[in-house]
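Naming: A, B, ... by sequence-line order, numbering from 1 per chain.
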Protein chains: 2
Amino acid sequence: MVETHQPDDCSIQRTLDAIGDRWTLLILRDLFRGVRRFSMIQADLGIARNLLADRLSSLADEGVVKKVPYQDRPPRHEYHLTAKGRALSPALVALMRWGDDYYTDGGAPTELVHDQCQTRLELQPWCTSCNSPVDPTHIRSAPGAGRVLRTTETEDV
Amino acid sequence: MVETHQPDDCSIQRTLDAIGDRWTLLILRDLFRGVRRFSMIQADLGIARNLLADRLSSLADEGVVKKVPYQDRPPRHEYHLTAKGRALSPALVALMRWGDDYYTDGGAPTELVHDQCQTRLELQPWCTSCNSPVDPTHIRSAPGAGRVLRTTETEDV
DNA sequence: AGGGATGGTTGCAAATCTAAACCCACCCGC
DNA sequence: GCGGGTGGGTTTAGATTTGCAACCATCCCT
């Protein structure tokens, strides 16, 4: 495991320590899609079996997935997302949208749309207090001044 | 490089191929924070110099960052995010929020807030057509039926 | 001429990944 | 009551990637 210099101040760091592995996010994608069984995931991703076993048990240790038996003899189970795992949905949606925007060579891949008007969804920073979307220029960081995603910078040079 | 079985239908896959490396997302975080120079990033992350050089040039190849000279003799430059790179902001914010929610052991780490009211930001699915937020239960997938993040699934088992 | 800052490249040992073989419990058909 | 297939792994050996340290190059300063 990578020992990082500042494991303290950044949630992105901790998040990536937990799920930032190349395969892990793809495994989570499959779980979101409803692909839940070892051999299904393995076939879908083409991941080596030992790595899949390893990643799944790490995810279980993290409380992101849990084993759920679906039959007794022989004991068989599926991997389901926990609430914590399902909370990754916005992150995966955001990554997917980025890929949609920049890598759609040819046919558009899967899209997420608003079912009432079939419009493609964006992810918008939202202020629950003002109950309104927040423009990037009004995003600021709170406690650890300086150690923050400065999304407000506009210079593209 | 990992040769995947279905490079075709999933933007998450393509996105991760481009920026899904363990270090790459941390490098991007630093760039968002305004840490733009080779040795600054290197000192901040503790990444090996050869890997940093490699990852930065990959990011440049992908068009996510670009080299911007800040002096001529000796030629020195910084790495700046392009529009494509800045478009990753929602993804990084989402990952950060997840870490905030599940790994804040003790003091709250950096938060992103609305500068006008200091309220912590959420990421909300947003319909640009209705110009309103979209409830998860109204999220649907569009073309490749079945191959989708089913964010609406409620079964936690 | 010597020293320091910046931005790398090179070489080698250590960790990680892949592929393929193997294991085990069970079920099914015969 | 044996052969084959399925599901979910573990083991082992070989190829790749990483991490670390040392080295190189350019310029500036004194």
Count the heavy atoms of every other residue, nucleotide or ligand shown that sit under 6.0 Å from CG of B/Asp61, and state whether that count exceeds 12.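 It does: B/Asp61 CG has more than 12 such atoms within range.
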Spacing between [X] atom [atom1] and [N] atom [atom2], to the nearest angstrom:
X: A/Gln71; N: D/dG7; atom1: CD; atom2: P; result: 9 Å
X: B/Gln42; N: D/dA21; atom1: CD; atom2: C1'; result: 12 Å
X: B/Asp21; N: C/dC17; atom1: CG; atom2: P; result: 11 Å
X: A/Asp54; N: C/dT18; atom1: CG; atom2: P; result: 11 Å
X: A/Leu52; N: D/dG7; atom1: CG; atom2: C1'; result: 12 Å
X: A/Asn50; N: D/dT12; atom1: CG; atom2: P; result: 12 Å

Residue whose nearest DNA chain C nucleotide is more 5′ - A/Leu51 or A/Arg73: A/Leu51
Using a cut-off of strictly less than 4.0 Å, decide whether [X] has a side-chain nitrogen or oxygen near OP1 or OP2 of [N].
X: B/Tyr79; N: C/dG8; result: yes
X: B/Trp23; N: D/dT18; result: no
X: A/Arg22; N: D/dT16; result: no
X: B/Arg55; N: D/dT17; result: no
X: A/Lys67; N: D/dG7; result: no

Please check: side-chain N/O of B/Thr82 versus main-chain N/O of B/Gly63, any donor-acceptor pairing under 3.5 Å?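 Yes, B/Thr82 side chain to B/Gly63 backbone: donor-acceptor pair under 3.5 Å.
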Quick check: does any side chain N or O of A/Gln13 sit under 3.5 Å from a backbone N or O of A/Leu16, one acting as donor and the other as acceptor?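 Such a contact is absent between A/Gln13 side chain and A/Leu16 backbone.
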Quick one: do [X] and [Y] make a salt bridge, cutoff under 4.0 Å?
X: B/Asp21; Y: B/Arg55; answer: yes
X: A/Asp44; Y: A/Arg33; answer: yes
X: A/Asp17; Y: B/Arg22; answer: yes

Name all residues meeting the ring-ring contact (aromatic ring centres under 6.0 Å, His included) criterion together with A/Tyr102; count only those two or more places apart in sequence or in a different chain, and write none if there are none. A/Trp98
Pairwise N/O distances under 3.5 Å, protein to nucleotides 4-6 of chain C:
unit_1	atom_1	unit_2	atom_2	d
C/dT6	O3'	B/Arg76	NE	3.4
C/dT6	O2	B/Arg76	NH2	2.6

